[in-house]
Protein chains: 2
Amino acid sequence: MLKEERHRVIINEVELHNRILLSDIAEQIGVSMDTIRRDVKELDADKQLKKVHGGAIALGFTNYATENKNIYALEDKIKIATKALSLINTGNTILIHGGTTCLELAKLIPNKLEITCFTTSLAVALELLTKKGVDVFFIGGRLSKDSQISIGANAIHQLLDITFDYSFIGTGYVDINYGLTEFDLESVQVKKAIIKSSKKTVLLSISEKLNSKHRYKTCEINAINTMITELDPDDMLLENFRKQDIRLL
Amino acid sequence: MLKEERHRVIINEVELHNRILLSDIAEQIGVSMDTIRRDVKELDADKQLKKVHGGAIALGFTNYATENKNIYALEDKIKIATKALSLINTGNTILIHGGTTCLELAKLIPNKLEITCFTTSLAVALELLTKKGVDVFFIGGRLSKDSQISIGANAIHQLLDITFDYSFIGTGYVDINYGLTEFDLESVQVKKAIIKSSKKTVLLSISEKLNSKHRYKTCEINAINTMITELDPDDMLLENFRKQDIRLL
DNA sequence: AAAATAATTGCAAAAAACTGCAAAGACAAA
DNA sequence: TTTGTCTTTGCAGTTTTTTGCAATTATTTT
């Protein structure tokens, strides 16, 4: 087998599985490990993949990539939170749910903006307490050890007694067909209650989460009134969402 | 499994749960703790997460809220909290109110003690969330800006729906004749509700507060079942209280 | 203060990478 | 076809990296 052919096979495998073991490929193609090692070295130099000890991984699967992604993600989240903030007016009664993007929103709220703000998140509550103008209410309930947010029947019950001008929520996954979905069922139940109690529900989601889904459904995409991503509302990636009855920001 | 793959798994878990235990990850991936420890060390050096004793936490997940800012009389408070802890048994449903002494109690609760614990204090809640065996519930309500505890009708309403085996409260002032008093009316109202909902109410108070009083009354001294100070129950200073129908500890 | 957990260190076995080399193969010019 | 040159490949020996274990030390918990 020619070198070029082997290279093609290797790249194929990497793209298919995101990672390969040199030993697997050597056996599969039927050449020595040394040869494959040299092939992978070349492909690495050509920036076709990243060579690691024992194998190779697809570009974009490296930790450098995730590191950069996270740095950008924070900027994106601030961008999203800034747009969300523009919706809030003096005198509003709002709810801010948990999650890193929602926490950014809480951080961005100006000291003197006079609003009433409910939250289910300990972190958001602590942040809001530093804002002079904000009247802070915590929705009690069982606290999730992981996310430090209120869940359970108690929280839901309280939520349903209140009407929010706006509620700001994140989600684990969004998909145009599957709607908002989560990894965790209890989280879903709380979010359902939030949506029910809100005049307008605003979804804060980085574009990375678009077109992904998981086990438990919070709601259809149309149950959301406004969706905010870090992208421009005219962005190609949002094309499908523009056809829906939601406001993009 | 390639090292890079393990790294990805670890980062994923940290992002999902905010914190991980090395032992959990080691078991999940099926390698020794040493290997995971080395992985986490590298990821920490890469600023992908923060390594802590026994595990790792997501960047930006540190708690300043429960740090001891007020080390005044800390020794005494720990002594009080230790005595209070001795009252709690497996399976109990208790309430821990706010204040530095109550926070000490929360800190002292052993990891594996299995109890259900309610609280009105953000700091106490955050502390309790670190305890494996504790089911944590937060009593929602309006949050006081300075004390970071729930107050208001909402909190009171929730409290009255529950029965606690023990509730642990502090007070601004105690006097044998005037009972428990406070500077703040809303705090009094919440404490009244707590006392009403508790089979046994335990007062945690440093002796310095004895024989002092203020404007708003929570209850008579007899409404308290147990009073804990840093002093020996036989101490002269507690002579008056011994004549009352309260247990001293 | 004692017990339980976790971190560190040094070490050894295993796996992988590197090095130099020689045989095999590719290819152009004679 | 043959020859000479250059590249590719596999092999053997050496070095490096990874990993798990055991003994020690440090930290946390009770």
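Here is how names work: the chains are called A, B, and so on, in the same order as the sequence lines, proteins then strands, and each is numbered from 1. For the numbers below, each heavy atom of this structure counts, side chains included, while hydrogens, waters and symmetry mates do not.
The nucleotide whose nearest atom lies closest to any side-chain atom of A:Arg6 is, among D:dT9, D:dG20, D:dT30, D:dT9. Of the candidate nucleotides C:dA17, D:dT8, D:dT18, C:dA17 has the atom nearest to the side chain of A:Arg37. Comparing D:dG10, C:dA17, C:dC18 by their closest approach to the side chain of A:Lys41 singles out C:dC18. Of the listed nucleotides (D:dT19, D:dG10, C:dA7), D:dG10 has the atom at the smallest distance from the side chain of A:Val31. Checked against C:dA16, D:dT8, D:dG20, the side chain of B:Thr35 finds its nearest nucleotide in D:dG20. You'll find that the side chain of B:Lys112 is closest to D:dT30, out of D:dT30, D:dT19, D:dT28. Checking C:dT9, C:dA17, D:dT30 against the side-chain heavy atoms of B:Asn111 singles out D:dT30 as nearest.
Put simply, NE2 on A:His157 and CD1 on A:Ile139 are 12.0 Å apart, with the number rounded to the nearest 0.5 Å. Residue A:Leu128 holds its CG atom at 5.0 Å from CD1 of A:Ile96, rounded to the nearest 0.5 Å.
When rounded to the nearest whole Å, the span between NZ of A:Lys3 and C1' of D:dG10 equals 15 Å. Rounded to an integer number of Å, the gap from B:Leu108 CG to D:dT29 P is 11 Å. A:His53 has its NE2 atom 8 Å from the C1' atom of D:dT16, to the nearest Å. Distance CD1 (B:Ile36) to P (D:dC21): 14 Å, rounded to an integer number of Å. Here the P atom of nucleotide D:dA12 and the CG atom of A:Asp34 are 11 Å apart, to the nearest Å. Whole-Å rounding puts the A:Met33 CE to D:dA12 P distance at 15 Å. A straight line from CG of B:Leu21 to C1' of D:dT28 spans 14 Å, rounded to a whole angstrom. Following rounding to the nearest Å, B:Glu42 (CD) and D:dT19 (P) show an atom-to-atom distance of 9 Å.
A 6.0 Å sphere centred on NZ of B:Lys145 holds more than 12 heavy atoms belonging to other residues, nucleotides or ligands.
Contact check on B:Glu4 versus A:Lys50 returns no salt bridge, with no Lys/Arg side-chain nitrogen under 4.0 Å from an Asp/Glu carboxylate oxygen.
A heavy-atom distance below 4.5 Å is not found between the side chains of A:Ile10 and A:Gln48.
Nucleic acid contact class of B:Val52 (heavy atoms, under 4.0 Å, all strands): sugar-phosphate only. Contacts of B:Lys131 with the nucleic acid, taken as non-hydrogen atoms under 4.0 Å apart, are absent.
Nearer the 5' end of DNA chain C, as judged by each residue's closest nucleotide, is the contact made by B:Ser23, out of B:Ser23 and A:Leu2.
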